[in-house]
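Both backbone and side-chain heavy atoms feed into the values below; hydrogens, waters and symmetry mates do not. Fair warning: this is a prediction, and the values are worked out from it, not measured in the lab.
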Amino acid sequence: MDKKRIIVARPVIRLLPAVLLLMCGCSDQFMKDKTNYNLISPDAVYSDYKGAQSRVDYLYRVIMSTTSEQYMSAFYTTGRSDIFSQSTEEYSGISTSNYWINRAGVNIVDGPDFFYFENKETNPWGRIRECNDVIENVLAADFTEEEKKELLGQAYFWRAWVYYQLIKLMGGVPIIDKVQDPIVGNGSSEGMAVPRSTTRECVEFICNDLQTAADYLPEKWLNESVDYGRLTKGAALAVMGRVRLLYASPLFNRQDDPARWELAYEVNKQARELLRYTDARFPGVNASEWARMFAPPREIVHPEAVLFTLYSIAEQNNKLNSWENAIRPKNIYGGNGIDVTYTMIDLFPMSDGKRPHSLDYRLLPASEVQYNQNLFFLDRDPRFYRTFAFPGERWAAYADLNPVRDDSVGIYLYPYAAQDYELWSYA
């Protein structure tokens with residue numbers, strides 16, 4: 001019995017070295033067989049213009065401003081109904097539980113952590129890597145110069161846009177201008193630790209990217225039925241003007257260097273000359289036309305739009321605009337409105353076009369119309385009534401909303417029809 005076991009075992013032992021040699025001899029083929037064919041290689045994506053354009057379109061999806069929290073957990077560029085966002089336009093989304101107030105002012109104790117996000121769609125550094133990936137691969141691709149400029153202009157803009165959001169919060173940050181290899185130095189991450197740059201260096205880097213974008217992008221896309229909403233030369237110049245103004249402001253310009261203000265003036269002047277209002281269809285001479293500039297009929301391409309997000313009216317599309325719902329009163333199915341500060345209210349003129357007495361800004365003449373801070377909504381500029389809601393204002397809605405009654409308690413939960421709603425607040 002034992003002899004039979006030995007005889008059977010010997011051929012296996014003799015074959016083992018041959019099997020090992022066979023595996024070693026075809027190691028390259030063996031590794032190829034382990035390739036994940038569910039992934040598309042960069043060579044395949046950037047082999048044609050349409051594939052590269054899809055990568056640029058992805059940048060719009062994960063970077064562009066939106067009212068949705070799905071992709072903007074890092075940056076909110078629209079105001080939110082919390083105390084912090086009422087104080088500054090530079091950042092919003094912090095609730096009262098995230099900061100505390102002491103005698104020295106407001107101290108942020110739980111701001112956003114931009115260095116340890118795992119999801120590249122919500123991590124600004126992941127977004128920067130995506131921009132760098134597009135830039136490097138498009139530069140190496142076999143496209144026409146015109147095609148390269150269109151793609152690169154958009155990628156350079158979005159990289160600058162992410163860095164712009166970062167410096168508003170933290171000043172100088174590390175500048176990553178290429179796709180980093182995580183396996184450099186045999187996995188030791190050697191060369192991946194990039195030191196923090198100064199704010200000045202970051203501002204110059206951002207403005208260089210925006211200038212490149214402005215040089216590459218068209219003033220207007222020829223096929224607006226397909227490309228309406230894409231970045232333009234004017235958008236790049238307008239954002240560069242904002243960056244220069246921020247850098248010239250007291251936040252960064254402690255010595256009040258006049259050269260920064262002069263440079264900001266020149267950039268904004270260039271943007272204004274390019275984007276100045278010329279369309280006779282939207283003169284804005286009265287309140288209704290002024291409101292129409294912000295919400296034109298769907299078939300008209302908006303001539304005033306510079307940098308904007310396109311939303312879908314299809315419920316199955318996740319790019320939906322929740323802003324309209326958020327600002328409507330709760331008893332007409334809305335989100336209960338967004339709080340407004342007196343400062344914003346008083347920036348609107350009185351009915352004679354002059355500043356209200358409550359706005360202490362001496363360069364503008366004071367209004368001759370009597371101003372009552374408790375009745376701030378009387379005798380205001382017509383645009384005021386297209387912007388704010390206050391007790392007694394009729395707020396008609398296009399939606400077919402009807403009163404909703406809860407028979408279990410015998411009251412109307414939503415007692416107003418859409419066309420007849422009048423806003424009243426009680427305290």
Side-chain angles (χ1 to χ4, degrees), residues 56 59-67 71-80 84-85 88-94 111-115 117 120-132 134-135 152-178 194 196-217 230-253 260-261 263-268 270-272 275 306-309:
V56 171
L59 300 181
Y60 281 80
R61 184 170 76 91
V62 297
I63 302 177
M64 183 164 239
S65 306
T66 176
T67 59
Y71 297 111
M72 291 303 294
S73 59
F75 303 134
Y76 291 111
T77 53
T78 55
R80 297 179 62 77
F84 195 78
S85 66
T88 174
E89 68 164 345
E90 305 308 339
Y91 184 75
S92 59
I94 298 180
D113 188 344
F114 288 133
F115 292 87
F117 278 99
K120 67 179 181 180
E121 290 189 341
T122 55
N123 180 350
W125 303 103
R127 295 170 178 175
I128 290 170
R129 180 183 175 87
E130 294 297 319
C131 293
N132 288 335
V134 172
I135 292 170
L152 290 171
Q154 296 169 86
Y156 277 117
F157 178 96
W158 287 127
R159 186 171 71 176
W161 178 261
V162 177
Y163 271 106
Y164 172 45
Q165 309 304 320
L166 287 173
I167 67 163
K168 286 194 295 186
L169 287 170
M170 293 177 283
V173 294
I175 295 177
I176 312 295
D177 59 357
K178 60 183 178 180
V194 178
R196 186 172 181 171
S197 297
T198 64
T199 303
R200 177 189 293 274
E201 291 169 337
C202 289
V203 167
E204 293 305 319
F205 177 78
I206 292 168
C207 290
N208 287 337
D209 271 4
L210 290 172
Q211 185 60 60
T212 302
D215 292 340
Y216 287 174
L217 292 171
R230 288 192 184 277
L231 298 165
T232 61
K233 179 185 184 74
L237 291 176
V239 173
M240 182 161 36
R242 290 288 297 271
V243 175
R244 289 295 185 188
L245 277 175
L246 179 68
Y247 190 53
S249 72
L251 180 63
F252 293 112
N253 191 10
R260 297 191 192 181
W261 290 109
L263 184 55
Y265 172 80
E266 292 300 326
V267 174
N268 281 282
Q270 186 181 2
R272 181 182 179 277
L275 297 169
V306 177
L307 177 61
F308 54 96
T309 301

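At least one side-chain heavy atom of V203 sits less than 4.5 Å from a side-chain heavy atom of V243. Counting heavy atoms from C-beta outward, I206 and Y247 have side chains that stay 4.5 Å or more apart. By the 4.5 Å heavy-atom criterion applied to side chains, L166 and I128 are counted as neighbours. Residues Y156 and Q211 form no side-chain contact, since every pair of their non-hydrogen atoms from C-beta on lies 4.5 Å or further apart. Looking at C131 and I63, their side chains come closer than 4.5 Å, going by heavy atoms from C-beta outward. Within the 4.5 Å cutoff, the side chain of L152 has no heavy atoms near those of the T212 side chain. Side-chain contact between M64 and F308 is absent, with no heavy atoms from C-beta onward closer than 4.5 Å. For the pair E130/R159, no side-chain contact is recorded, criterion being any heavy-atom separation below 4.5 Å from C-beta on.
Within the 3.5 Å criterion, the main-chain N or O of F157 finds no donor-acceptor partner in the side chain of D209. Checking side-chain atoms of N132 against main-chain N and O of I176 turns up a donor-acceptor pair under 3.5 Å. Counting only distance, with no hydrogens or angles, the side chain of Q270 and the backbone of V267 share no donor-acceptor pair below 3.5 Å. No donor-acceptor pair under 3.5 Å is formed between the side chain of Y164 and the backbone N or O of W158. Between the side chain of K233 and the backbone N or O of A214, at least one donor-acceptor pair lies under 3.5 Å. Using modelled atom types, no side-chain atom of S197 and backbone atom of G172 make a donor-acceptor pair closer than 3.5 Å. Of the possible polar contacts, none joining the R244 side chain to the L263 backbone as a donor-acceptor pair under 3.5 Å is found.
Residue R200 qualifies as open at atom CZ: its count of foreign heavy atoms under 6.0 Å is 12 or below.
For the atom pair N253 CG and L251 CG, the distance stands at 10.0 Å (nearest 0.5 Å). The CG atom of N208 sits 9.0 Å away from the CE atom of M240 when rounded to the nearest 0.5 Å. With rounding to the nearest 0.5 angstrom, the OG1 atom of T199 is 14.0 Å from the NZ atom of K168. Note: L246 CG to I167 CD1 = 5.5 Å, rounded to the nearest 0.5 Å.
Nearest heavy-atom pair across A238 and V306 is CB-CG1, 4.1 Å.
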Is there a side chain to side chain contact (heavy atoms under 4.5 Å, CB included) between L210 and V239 once you walk through the steps? CA-CA 8 Å; L210 290 172; V239 173; 3.9 Å; yes
May I have the step-by-step check of side chain to side chain contact (heavy atoms under 4.5 Å, CB included) for W161 and L231, ending in yes or no? CA-CA 12 Å; W161 178 261; L231 298 165; over 6 Å; no
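Counting only N and O atoms by type, the side chains of Q154 and Y216 include no donor and acceptor under 3.5 Å apart.
Partners of Y265 according to the ring pair (Phe, Tyr, Trp, His ring centres under 6.0 Å) rule, which considers only residues two or more places apart in sequence or in another chain, do not exist here. The side chain to side chain contact (heavy atoms under 4.5 Å, CB included) test applied to A271 returns L237, not counting sequence neighbours.
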